[in-house]
Amino acid sequence: MRKTETNLIHMGEEHNQTKAVVTPIYQTSTYFADEDLDQYITAATTPKHPEFYHRHGNPTNSQVAAIVANLEKTEDALVLATGMAAISTAILAIVKAGDHIVAQNAHYSGATLFLKDFLSEYGVTVTHVDQTDNNAFAQAIQENTKLIYIETPSNPNLDITDLEYVGKLGKERGIITMVDNTFSSPINQIPAEFGVDVIVHSATKYLGGHSDLTAGIVCGSKEYITKVWRRSITLGASLSPFDSWLLLRGLKTLSLRVNQINANALALAKWLEQNSAIKKVAYTGLESHPQHALAAKQMKGHTGMLCIEVAGTDESQEFKNAQTILSNLKIFANAASLGGVESLVVHPASMWGAHHSSTQKKVSGITRGMLRISVGIEHIDDIIADWEQAISHI
Ligand SMILES: *Cc1c(COP(=O)(O)O)cnc(C)c1O
């Protein structure tokens, strides 16, 4: 069997039916009917048919799906317009009014809004649990629980959920398990190996990797992905041909990028941990991470995501110092998003201030002196020098 690096370049090549070495951009909304109308009926009704109408499918989307399904070790995958389209469509293919979901206290903010505000208006109830407590998942299960939805490492605190435990729990109780694998990427973590059924991604992040597109992917069994596809043609969030092509291009270097990012982030985390201006560094690759052993068991690498708390005499001083660092960093742009080749940093308390109440921020563990860092592939010496000079302004 070929290895990941080879599959990233060559998987799904059969979806490119031209002689072009690089899959072309199929910039078209619709495709000719075959002369034989029976064949046209087949095109119109076959799930993900690549040459009928764009909302149903596109050859580049098929190729991207083949690559990511292979990486995630699932039978099939569906590409959609954003990570949130992937998450919402994937969940709406499972639950209906009267059903119940077990989810975590901490999730990506858009997923939290979907679980807390949107689904409740459509009669779906959700119980949120502490992801670091295995028993809490089992205890939250009700007779009408149809889905256990997890995210690990989670945003922004980098807490870990035990994939093997949740995978087994779902199988024992006949409940579908779904994980947001955006932070890890399949280079660092393959949840299907631990029995998790469905994997969702914001491909906007590591999979695309260049901060130039938005996309989402759902991975799972062929039967389930067909259900998601049926939902998707009604909900309508298909990925545009050009963004799909950019994603295909980005995927080719996924392994190279993620491995370099893992190394850079570990070096930066170690440097920050010994710096007295920093109170706390949360990075799953550090031995000081309370769940380091579990992370090491289920992750091959520790991603480019770290979360720090800036030191100060009190909370308002911590906030001021975090602001000083933010405004002086030069390589790290203060911008939302993550997983690109360029390093980014955000202040979670202000970024999510508009969406989350102060109680929700507390539940998600967000403090005012906190900074979330996404490390890129710049040279590690320049990365550390940037933090050194920014900290010196405190
Ligand atoms: C960004 C992100 C999402 C949402 O993805 P979009 O592409 O912005 O819709 C979902 N989950 C995680 C963990 C993310 O970081």
Side-chain angles (χ1 to χ4, degrees), residues 7 11-18 23-96 99 146-147 149 176-181 186 191-192 196-203 207 214-245 247-248 251:
N7 287 333
M11 197 74 198
E13 273 174 338
E14 68 278 9
H15 296 286
N16 170 15
Q17 304 240 331
T18 72
T23 302
I25 305 169
Y26 293 83
Q27 193 68 43
T28 180
S29 61
T30 191
Y31 298 80
F32 289 119
D34 289 303
E35 275 160 30
D36 176 354
L37 274 185
D38 280 342
Q39 280 183 26
Y40 198 53
I41 292 169
T42 306
T45 52
T46 304
K48 300 203 296 173
H49 197 286
E51 294 189 340
F52 169 63
Y53 179 71
H54 180 72
R55 187 154 29 75
H56 287 229
N58 164 290
T60 323
N61 288 3
S62 297
Q63 192 170 349
V64 169
I67 292 170
V68 181
N70 173 269
L71 287 177
E72 288 289 6
K73 303 197 172 172
T74 57
E75 278 177 6
D76 204 359
L78 182 73
V79 178
L80 290 166
T82 64
M84 277 315 299
I87 291 167
S88 57
T89 311
I91 293 178
L92 290 173
I94 295 170
V95 297
K96 57 179 188 326
D99 289 341
K146 291 285 153 55
L147 171 67
Y149 180 73
I176 297 174
T177 50
M178 185 186 298
V179 60
D180 183 334
N181 203 28
V196 176
D197 302 309
V198 180
I199 298 93
V200 287
H201 276 283
S202 169
L207 299 183
T214 66
I217 302 189
V218 189
C219 306
S221 71
K222 198 155 186 58
E223 186 189 351
Y224 169 71
I225 292 300
T226 302
K227 276 190 202 161
V228 181
W229 175 81
R230 282 196 204 294
R231 276 279 181 271
S232 80
I233 58 169
T234 317
L235 294 170
S238 47
L239 180 65
S240 80
F242 183 54
D243 285 350
S244 183
W245 183 86
L247 177 52
L248 182 62
L251 277 170

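Keep in mind that this is a model prediction, so the values were computed, not measured.
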* To do: Test side chain to side chain contact (heavy atoms under 4.5 Å, CB included) on Y31 and N58 and set out the steps.
  => CA-CA 10 Å; Y31 298 80; N58 164 290; 3.9 Å; yes
* Structure fact -> Applied to residues 53-73, the salt bridge (charged side-chain N to carboxylate O under 4.0 Å, His left out) test, sequence neighbours excluded, yields K73-E193
Side chains of [X] and [Y] in contact at under 4.5 Å (non-hydrogen atoms):
X    : Y    : answer
L71  : M11  : no
S202 : T82  : no
Y149 : D180 : yes
H49  : E51  : yes
L207 : L247 : yes
P241 : H54  : yes
I67  : L248 : yes

* For the pair I225 and E75, evaluate side chain to side chain contact (heavy atoms under 4.5 Å, CB included) and give the outcome as yes or no after the intermediate values. => CA-CA 9 Å; I225 292 300; E75 278 177 6; over 6 Å; no
* Looking at residues at least two apart in the chain, or sitting in another chain, which of them share a salt bridge (charged side-chain N to carboxylate O under 4.0 Å, His left out) with D197? -> K171
* Structure fact -> Applying salt bridge (charged side-chain N to carboxylate O under 4.0 Å, His left out) to K146 and not counting sequence neighbours gives D99
* Ignoring hydrogens and angles, tell me if any N or O in the side chain of D34 forms a donor-acceptor pair with the backbone of D36 under 3.5 Å. => no
* Check: E13 main-chain N/O paired with T23 side-chain donor or acceptor under 3.5 Å -> no
Looking only at heavy atoms, what is the nearest atom pair of [X] and [Y], with distance?
X    : Y    : result
C219 : V68  : SG-CG1, 3.8 Å
L239 : A215 : CD1-CB, 3.7 Å
G12  : Q63  : O-CG, 3.2 Å
I217 : A203 : CG1-CB, 4.2 Å
N16  : P24  : OD1-CD, 3.6 Å
Y224 : A93  : CE1-CB, 4.3 Å

* Asked: Counting only heavy atoms not in E223, do more than 12 sit closer than 6.0 Å to its CD atom?
  -> no
* **F242 and W245 aromatic ring geometry - parallel, tilted or perpendicular at 30°/60° bounds** => parallel
* Could you walk me through whether L235 and S88 pass the side chain to side chain contact (heavy atoms under 4.5 Å, CB included) check? -> CA-CA 10 Å; L235 294 170; S88 57; 5.7 Å; no
* **Verdict with supporting geometry, T18 and Y26, side chain to side chain contact (heavy atoms under 4.5 Å, CB included)** => CA-CA 11 Å; T18 72; Y26 293 83; 3.8 Å; yes
